Amino acid sequence: MTKPALVRGTRDFGPAQMAKRNYIFDTIRQVFQRYGFAPLETPTMENLSVLMGKYGDEGDQLLFKVLNSGNFSEKLTETDWQEGYKKLTPKISEKGLRYDLTVPFARYVVMNRGELAMPFKRYQIQPVWRADRPQKGRYREFYQCDADVVGTDSLICEAEIVLMLHEVLRGLGLENFTVKINNRKVLSGIAEVIGALGQETTLCVAIDKLDKIGQEKVEAELRERGFSDETILKLQPIFKLGADHTTLFNDLRTWLATSEIGLNGITELEKVWQLVAQFGLQNPQMELDLTLARGLSYYTGAIFEVKANGVQMGSISGGGRYDNLTGTFGMPGLSGVGISFGVDRIYDVLEELGLFSENQAVSTQVMLTNFDEVAQSYGLNVLRQLREAGINAEIYPEATKLKKQFEYADRKHIPFVLIIGSEEIRTGQLSLKNLKTGEQQKTDLEQVKAILIQ
RNA sequence: GAGAUUGUAGCUCAGUUGGUUAGAGCGCCGGAUUGUGAUUCCGGAGGUCACGGGUUCAAGCCCCGCCUUUCUCCCCA
């Protein structure tokens, strides 16, 4: 016999955790559906040809690969082994676990293009896997909750993402958050204006770290990567511009006046603010954050990130617009925009802020005791009537000591125990005990149902 | 991929410079109480000290390897 253990970076979710997780999933799902997104599920495994090359070299390394079935080494030669794992891998593995939900989604859209109502709005809630080294808030198996729209450039999609973010988080009781927004075109404009066109990725990677490592270290990193002092000097406004979006838009227009793409980006951002206002969102918690870049290179327009304030936690949600996502599957020119909720982090935030309601874990409302065969037979009939009345009920499966039965109910946090013994059967007056208050009363079944339904 | 860190009962953790039989709290099981949980009292079970080597008369403790926990870097949301 071997000691059981979990695979590194994976977790079990017990009943108590599942109740909370389902509450988060349900909230997110409801909002997605209210906004017209349709559900989609894709297989756990994809062909490596679909996954490889979509996430960069690092990403390819982080893919879990599945060994071919059967005699995978049958056709291998001695030289195959000697050439190293990079050349060996494709010869023994052709499938991998999905790394995110966006690429499988793109694959699905391309394969079903003829049948989809465009623009296509889908949501997808499934686990993804990454062969990363686990650390805080980072696992090898975790859930993503994505909602994406493909097939339209309309900024209404961006605005609706902002609205959904507000609705989900407020629906979860999380009031203190900030939806940070930026636009890749503005970042391109900045690169153009400071004379670093073509080095946007380097610029973005560095700027993205601003709130983490500070201005000086960002400048140092840029210098190290070949940015001149003059270029860095021209970048200074990014560190100084205020947070108020109305004046910020004006200041930006002045700064990026010579960059057409930059001005386009500003216009897009303003439009999103305008659409959200037209919708009438109460008290929008949006912030234009020029330092928001995110690592993903495929974002081309809006960029989103959500920060829960008052807790030590990375972003709990992120997304953006990506043009041409389906291009690598032979379907160019399709623009998409999407958002992804990080359930695991939201869970931690809600836990830390004490925002889960207490009776989340309650499932069974009443447990029937089991004295002997006669009482059990009587109890089963009562049990049916309780369940027909919509009450979550169970009967203790064995006729053991009452003490043991009560302990079971107590450990399961079942609020009521219905005691059915010979006396109760004779009189029809059942004993209902409230385990929280310790009170016990004798009453008929109709009254029991009335009490439990409250 | 690099660095640090952790692992002892079901859980949380003690365990002295290497020294006889590895402990505590909680939990679990049984009883006090054959119709009443959470509180009380009594008793009991439970350990390959992560795993594999090595040093030593002697290893939970020292050395090497390996897995694992947590964290940082890289990277990624």
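What you see is a predicted model; the values in this text were computed from it and never measured.
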*Looking only at atom C1', what distance separates B:U39 and B:C26, rounded to whole Å?*
16 Å

*Mind running salt bridge (Lys or Arg N to Asp or Glu O under 4.0 Å) on A:R29 and A:D26 for me, showing each step along the way?*
CA-CA 5 Å; A:R29 188 178 293 115; A:D26 290 346; 3.2 Å; yes

_Rounded interatomic separation in angstrom, taking NE2 from A:H413 and P from B:G37_ = 16 Å

*Excluding sequence neighbours, so at least two apart, what forms ring-ring contact (aromatic ring centres under 6.0 Å, His included) with A:F13?*
none

_Heavy atoms from C-beta onward define the side chain here; which of B:A38, B:C76, B:G30 lies closest to that of A:Y99?_
B:C76

_Please report whether the ring centroid of A:F32 lies less than 6.0 Å from that of A:Y123._
yes

*Nearest-angstrom distance, P atom, B:C71 to B:U6*: 15 Å

_Full working for side-chain contact (heavy atoms from CB on, under 4.5 Å) between A:K271 and A:L155_ = CA-CA 7 Å; A:K271 185 81 179 170; A:L155 292 168; 3.5 Å; yes

*Select from A:K401 and A:G342 the residue whose nearest nucleotide in RNA chain B is closer to the 5' end of that strand.*
A:K401

_Spacing between A:D410 atom CG and B:A38 atom C1', to the nearest angstrom_ = 5 Å

*RNA chain B: stems of at least 3 consecutive Watson-Crick or G-U pairs, cut-off 3.5 Å?*
B:1-4 with B:70-73, B:10-13 with B:23-26, B:28-32 with B:40-44, B:51-54 with B:62-65

*asked:* Work out how far the C1' atom of B:C61 is from that of B:A14, and round it to whole angstrom.
replied: 14 Å

*Apply side-chain hydrogen bond (donor to acceptor under 3.5 Å, both in side chains) to A:Q285 and list each qualifying residue two or more places apart in sequence or on a separate chain.*
A:R170

_Is it the case that atom CZ in A:R34 sees more than 12 heavy atoms from other parts of the structure closer than 6.0 Å?_
yes

Kindly give the atom pairs (protein nitrogen or oxygen, nucleotide nitrogen or oxygen) under 3.5 Å for nucleotides 69-74 of chain B.
{"unit_1": "B:U69", "atom_1": "OP2", "unit_2": "A:R8", "atom_2": "NE", "d": "2.9"}
{"unit_1": "B:C71", "atom_1": "OP2", "unit_2": "A:K136", "atom_2": "N", "d": "2.6"}
{"unit_1": "B:U72", "atom_1": "OP2", "unit_2": "A:Q135", "atom_2": "OE1", "d": "3.1"}
{"unit_1": "B:C74", "atom_1": "N4", "unit_2": "A:R138", "atom_2": "NH1", "d": "3.4"}

*Where along residues 445-453 of chain A does a heavy atom fall under 4.0 Å from RNA chain B?*
none

*C1' atom, B:C62 versus B:G19: distance in rounded Å?*
14 Å

_Spacing between A:K404 atom NZ and B:C28 atom P, to the nearest angstrom_ = 12 Å

*Distance in angstrom units between A:L430 CG and B:U36 C1', rounded*: 16 Å

*Go through the structure and list residues passing side chain to side chain contact (heavy atoms under 4.5 Å, CB included) with A:D410, not counting sequence neighbours.*
none

*If we ignore angles and hydrogens, is there a donor and acceptor under 3.5 Å between the side chains of A:D148 and A:Y322?*
yes

*Nucleotide B:G10, atom C1' - distance to CZ of A:R411 in whole Å*: 11 Å

*Classify the nucleic acid contact of A:G438 as base, sugar-phosphate or nothing, counting any heavy atom under 4.0 Å across all strands shown.*
base

*Could you name each residue pair satisfying salt bridge (Lys or Arg N to Asp or Glu O under 4.0 Å) that touches residues 156-165 of chain A, not counting sequence neighbours?*
A:K121-A:E160, A:E158-A:R321

*Any side-chain N or O of A:R345 under 4.0 Å from OP1/OP2 of B:C76?*
no

_According to ring-ring contact (aromatic ring centres under 6.0 Å, His included), who are the partners of A:F64, at least two apart in sequence or on a separate chain?_
none

*Span that lies between the P atom of B:U72 and that of B:A9, in whole angstrom*: 27 Å

_Spacing between A:L62 atom CG and B:C75 atom C1', to the nearest angstrom_ = 7 Å

*Are A:R122 and A:Q124 linked by a side-chain donor-acceptor pair shorter than 3.5 Å?*
yes

*By salt bridge (Lys or Arg N to Asp or Glu O under 4.0 Å), which residues pair with A:D344, not counting sequence neighbours?*
A:R11, A:R21

*What integer number of Å spans the C1' atoms of B:G25 and B:G15?*
15 Å

_Set of residues satisfying side chain to side chain contact (heavy atoms under 4.5 Å, CB included) with respect to A:Q440, sequence neighbours excluded_ = A:I419, A:S431, A:K433

_Atom P, compared across B:G44 and B:A50: separation rounded to whole Å_ = 28 Å

*Quick one: A:E407 CD to B:C29 C1', roughly how many Å, whole number?*
11 Å

*Does the gap between the ring centers of A:Y143 and A:F341 come in under 6.0 Å?*
no

Report, one pair per line, the protein and nucleotides 33-35 of chain B atoms (nitrogen or oxygen only) whose separation is under 3.5 Å.
{"unit_1": "B:G35", "atom_1": "O6", "unit_2": "A:E423", "atom_2": "N", "d": "3.4"}
{"unit_1": "B:G35", "atom_1": "O6", "unit_2": "A:E424", "atom_2": "OE1", "d": "3.4"}
{"unit_1": "B:G35", "atom_1": "N1", "unit_2": "A:E424", "atom_2": "OE1", "d": "3.0"}
{"unit_1": "B:G35", "atom_1": "N1", "unit_2": "A:E424", "atom_2": "OE2", "d": "3.1"}
{"unit_1": "B:G35", "atom_1": "N2", "unit_2": "A:E424", "atom_2": "OE2", "d": "2.8"}

*How long is the line joining CG of A:L432 and C1' of B:G37, in whole Å?*
14 Å

_Distance check, C1' atoms only: B:G52 and B:C75, in whole angstrom units._
33 Å

*Who passes side-chain hydrogen bond (donor to acceptor under 3.5 Å, both in side chains) against A:R223, sequence neighbours left out?*
A:D229

